[in-house]
Amino acid sequence: MRLSKFFMPVLRDDPKEAEIVSHRLMLRCGMIRQETGGIYSWLPLGFRVLTKIMDIVREEQARAGGLEMLMPTIQPASLWRESGRYDDYGKEMLRITDRRDNELLYGPTNEEMITSIVKSSVQSYKDLPLNLYHIQWKFRDEIRPRFGVMRGREFLMKDGYSFDLTEEAGREAYNRMFVSYLRTFAAMGLKAIPMRAETGPIGGNESHEFLILAETGESGVFFDKAFLEKDWSGVDIDYDDAGAVAGVVKEFTSLYAATEDIHDPAAFEREVPEDRRVSGRGIEVGQIFFFGTKYSKPMGCAVQGPDGKEVYLQSGSYGIGVSRLVAGIIEASHDEAGIIWPQPVAPFDLGLINLRQGDAATDGACEKLYEELSNAGLDVLYDDRSDRAGEKFTRMDLIGLPWQVVIGPRGVKSGMAEVKNRATGEKTDVPFDTLTGLMLDKCTEVYA
RNA sequence: CGGGGCGUAGCGCAGCCUGGUAGCGCAUCUGCUUUGGGAGCAGAGGGUCGCAGGUUCAAAUCCUGCCGCCCCGACCA
């Protein structure tokens with residue numbers, strides 16, 4: 001992508017409404033634009049990151065047996081009356097009336113709808129297990145939306161639902177999602193610590209929240225230092241091996257980790273040696289629930305078992321805050337100059353900077369490299385604008401692509417490009433003819 | 001919902017107290033000179049001063065009502 005043809009309205013000054021760093025940087029980079037309180041447009045740069053995150057979610061869901069589908073944003077109120085949540089949900093639910101006076105709502109989550117779908121289409125235990133998910137916009141009319149897309153009213157969420165015949169099978173489904181979440185966040189370059197959680201309005205008997213550490217996080221967290229020492233990328237798993245899956249879950253849940261809501265100081269002190277106790281702040285990026293028959297029973301979602309008897313399905317639900325992750329990743333990965341994208345979610349693999357746009361030799365070298373890098377399959381943002389060098393450097397640092405390839409008249413003379421690692425700031429001179437190979441290696445390295 | 005703050009050009013702000021018909025920086029456009037970490041000079045364009053009433057010869061400025069946004073708290077992916 002040529003910057004001259006891209007839409008990336010970068011702001012030179014900090015917008016006054018943005019307090020926290022991710023919100024500020026997202027606005028400054030031209031990733032998002034607020035339309036009204038807690039509701040945002042995603043501009044091309046931001047949308048690219050959102051898409052990268054969705055790609056990773058889809059890949060890991062597929063691996064763990066999740067089937068993607070798409071349910072609507074608007075739901076009939078009748079569905080929610082069946083589960084009894086229409087009245088429980090309160091003002092957070094946006095209620096709408098259509099022209100025929102039908103009561104509708106903008107979905108804050110989809111347990112009812114998915115249960116209804118499964119109920120109407122699944123009659124036999126032979127059709128189980130099922131694990132269905134979608135990535136769809138949700139609306140929760142928060143009392144106080146804030147911090148940009150971190151706590152928006154409209155937000156993009158991956159929500160998945162499992163249906164099993166027995167409680168044991170349901171718990172195995174929960175475990176598979178637990179492990180897949182570890183993998184999903186790790187694939188984005190994050191360490192998301194699973195913490196025992198309250199079930200809230202979703203209900204149920206078991207739940208874990210996944211939190212990434214960030215100073216600006218909304219939740220206070222307490223956990224065993226061992227989490228920081230773990231190698232998340234090493235969670236390679238055979239999802240068909242229930243014992244192995246349960247082993248990973250046990251490994252992660254046997255260590256103390258809790259948010260302030262349910263933190264038990266006595267247990268913390270008992271279970272974790274003093275020098276290993278860590279407290280800090282975290283951002284919740286995912287939550288999983290196992291709630292058994294909480295929805296299947298009131299909604300009559302049952303199948304015939306092998307013995308011919310009707311059995312209510314055992315369910316869980318599994319959410320990932322996709323749009324929140326964009327902000328969460330920035331909170332976890334930035335410096336004074338701007339964002340530092342982990343490679344897997346970066347909007348582009350690298351930025352190519354032409355320091356002297358209009359100079360025939362420099363333009364020629366840049367065009368050639370741009371073509372070469374692109375043909376190699378890399379996603380390149382080519383800064384071909386005629387701005388001054390300083391502005392280009394500052395802007396590229398701000399948007400935080402993992403690698404910068406800098407080409408100016410000096411380098412063209414010596415046949416060298418300067419390659420800068422955004423995270424470390426390290427700069428290396430690389431001959432033009434080996435550049436593409438090197439960048440291809442760098443950009444496709446498994447994220448560690 | 002309680003408490004605090006803010007709405008003036010694309011962005012950041014001054015002007016308001018003490019009414020006299022709108023200004024600064026950056027950005028934008030044109031030209032020339034520059035060009036390896038947010039250039040210089042010269043010129044130009046751009047604003048129903050959040051909205052609606054009221055007071056006044058005259059309102060960005062004073063009064064009333066409304067709307068929107070941000071921050072702190074109780075709730076949440």
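Values below: all heavy atoms of this structure, side chains included; hydrogens, waters and symmetry mates excluded. Convention: sequence-line order gives letters A, B, ...; per-chain numbering from 1.
Look at the C1' atom in both B:rU55 and B:rU61: the space between them is 13 Å, to the nearest Å. To the nearest whole angstrom, the two C1' atoms, one in B:rA27 and one in B:rC11, are 7 Å apart. Distance noted for atom P between B:rA58 and B:rG68: 32 Å (whole Å). Between B:rC63 and B:rC6, the two P atoms lie 14 Å apart (nearest whole Å). Distance noted for atom P between B:rU30 and B:rA22: 28 Å (whole Å). Only the C1' atoms considered, B:rC49 is 11 Å distant from B:rU21, to the nearest whole Å. Taking atom C1' on both B:rA59 and B:rG19, the two are 6 Å apart, rounded to the nearest angstrom.
The backbone N or O of A:G316 lies less than 3.5 Å from a partner atom in the side chain of A:S162, making a donor-acceptor pair. The closest donor-acceptor contact from the side chain of A:K52 to the backbone of A:A346 lies under 3.5 Å. Remark: the backbone N or O of A:E209 is not paired with any side-chain donor or acceptor of A:Q287 at under 3.5 angstrom. Judged by distance alone, with hydrogens and angles left aside, the side-chain atoms of A:K392 form a donor-acceptor pair with the main-chain N or O of A:R385 at under 3.5 Å.
Partners of A:S41 by side-chain hydrogen bond (donor to acceptor under 3.5 Å, both in side chains), not counting sequence neighbours, listed by chain and number: A:E35. Among residues two or more places apart in sequence or in another chain, the side-chain hydrogen bond (donor to acceptor under 3.5 Å, both in side chains) test is passed with A:Y370 by none. Residues meeting the side-chain hydrogen bond (donor to acceptor under 3.5 Å, both in side chains) test with A:D261, sequence neighbours left out: none. Residues that satisfy the side-chain hydrogen bond (donor to acceptor under 3.5 Å, both in side chains) test with A:E60, not counting sequence neighbours, are A:R63, A:R183.
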When the side chains of residues 72-79 of chain A are checked against the rest of the protein, which donor-acceptor pairs come out under 3.5 Å, sequence neighbours left out?
| unit_1 | atom_1 | unit_2 | atom_2 | d |
| --- | --- | --- | --- | --- |
| A:Q75 | OE1 | A:W80 | NE1 | 2.7 |
| A:Q75 | NE2 | A:T109 | O | 3.1 |

Counting only pairs under 3.5 Å, give me each side-chain donor-acceptor contact of residues 325-333 of chain A, with atom names and distances, residues two or more places apart or in other chains.
| unit_1 | atom_1 | unit_2 | atom_2 | d |
| --- | --- | --- | --- | --- |
| A:E331 | OE1 | A:T216 | OG1 | 2.3 |
| A:E331 | OE2 | A:S22 | N | 2.8 |
| A:E331 | OE2 | A:S22 | OG | 2.6 |
| A:S333 | OG | A:I340 | O | 2.4 |

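Following rounding to the nearest Å, A:F147 (CZ) and B:rC70 (C1') show an atom-to-atom distance of 11 Å. Rounded to whole Å, the distance from CD on A:Q34 to C1' on B:rC70 is 9 Å. Nucleotide B:rA74 holds its C1' atom 13 Å from the CD atom of A:E218, rounded to whole Å. Distance A:M177 CE to B:rA77 P: 18 Å, rounded to the nearest Å. The interatomic distance linking A:I39 (CD1) with B:rG68 (C1') rounds to 13 Å, in whole Å. Computed from coordinates, the A:E35 CD to B:rG68 P distance equals 16 Å when rounded to whole Å. Atom pair A:E154:CD and B:rA77:C1' shows a separation of 14 Å (rounding to whole Å applied). One atom, CD of A:E260, and another, P of B:rC75, lie 10 Å apart when rounded to the nearest Å.
Looking only at atom types and distance, the side chain of A:D159 has no donor-acceptor partner in the side chain of A:Q136 under 3.5 Å away. A:R85 and A:Y295 are linked by a side-chain donor-acceptor pair at a separation below 3.5 angstrom, with hydrogens and angles left out of the test.
Across all strands shown, B:rC29 forms a Watson-Crick or G-U wobble pair with B:rG43, both key distances being under 3.5 Å. The partner of B:rU18, taking Watson-Crick or G-U wobble pairs whose two distances both stay under 3.5 Å, does not exist in any strand shown. Pair assignment for B:rC6: B:rG68, on the basis of Watson-Crick or G-U wobble contacts that are both within less than 3.5 Å. The partner of B:rU34 is absent, by the rule that a Watson-Crick or G-U pair needs both atom distances under 3.5 Å. The nucleotide B:rC1 finds its pairing partner in B:rG73, both defining distances of the Watson-Crick or G-U wobble pair being shorter than 3.5 Å. Nucleotide B:rA59 has no partner under the Watson-Crick or G-U criteria, as no pair reaches both atom distances under 3.5 Å. Using N1 to N3 plus N6-O4 or O6-N4 for Watson-Crick, or N1-O2 and O6-N3 for G-U wobble, each under 3.5 Å, B:rG12 pairs with B:rC24.
Ranked by how close their nearest RNA chain B nucleotide is to the 5' end, A:E391 and A:K91 are led by A:K91.
Pairs engaging residues 46-78 of chain A under the ring pair (Phe, Tyr, Trp, His ring centres under 6.0 Å) rule: none recorded [sequence neighbours left out].
Both the sub-6.0 Å distance and the 45° axial angle are not jointly satisfied by A:R176 relative to the ring of A:Y239. Geometric assessment of A:K230 against the ring of A:F252 yields a positive cation-pi assignment under the 6.0 Å and 45° thresholds. Taking the ring centre of A:Y86 as origin, the terminal cationic atom of A:R95 falls inside the region bounded by 6.0 Å and 45° from the ring axis.
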Restricting to nitrogen or oxygen on both sides, can you table the protein-nucleotides 29-36 of chain B pairs closer than 3.5 Å?
| unit_1 | atom_1 | unit_2 | atom_2 | d |
| --- | --- | --- | --- | --- |
| B:rU34 | O2 | A:R388 | NH1 | 2.8 |
| B:rU35 | O2' | A:R356 | NE | 2.8 |
| B:rU35 | O2' | A:R356 | NH2 | 3.1 |
| B:rG36 | O2' | A:R410 | NH1 | 3.4 |
| B:rG36 | O6 | A:G408 | N | 3.3 |
| B:rG36 | O6 | A:G408 | O | 3.4 |
| B:rG36 | O6 | A:R410 | N | 3.4 |
| B:rG36 | O6 | A:G411 | N | 3.0 |
| B:rG36 | N2 | A:E418 | OE1 | 3.2 |

For nucleotides 42-47 of chain B, give me every protein contact, N/O to N/O, under 3.5 Å, one pair per line with atom names.
none

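A heavy atom closer than 4.0 Å to some atom of RNA chain B occurs in no member of residues 48-74 of chain A. Residues from residues 318-338 of chain A placing a heavy atom under 4.0 Å of any atom in RNA chain B, listed by number, are A:G321, A:R324.
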Summary of protein contacts for nucleotides 9-14 of chain B, nucleotide by nucleotide, where a base hit scores B, a sugar-phosphate-only hit scores S (4.0 Å, heavy atoms)
--BSS-
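Screening A:R33, A:Q34, A:R153 against A:Y40 for a side chain to side chain donor-acceptor pair (under 3.5 Å) leaves a single residue, A:Q34.
Heavy atoms of A:M396 sit nowhere under 4.0 angstrom from any nucleic acid atom.
Picking from B:rG38, B:rC75, B:rC71 the nucleotide with the shortest atom distance to the side chain of A:I143 gives B:rC75. Of the candidate nucleotides B:rC72, B:rA77, B:rC69, B:rA77 has the atom lying nearest to any side-chain atom of A:F289.
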Apply salt bridge (Lys or Arg N to Asp or Glu O under 4.0 Å) to residues A:D335 and A:R422 and explain how you reach the verdict.
CA-CA 10 Å; A:D335 63 14; A:R422 175 63 180 86; 2.8 Å; yes
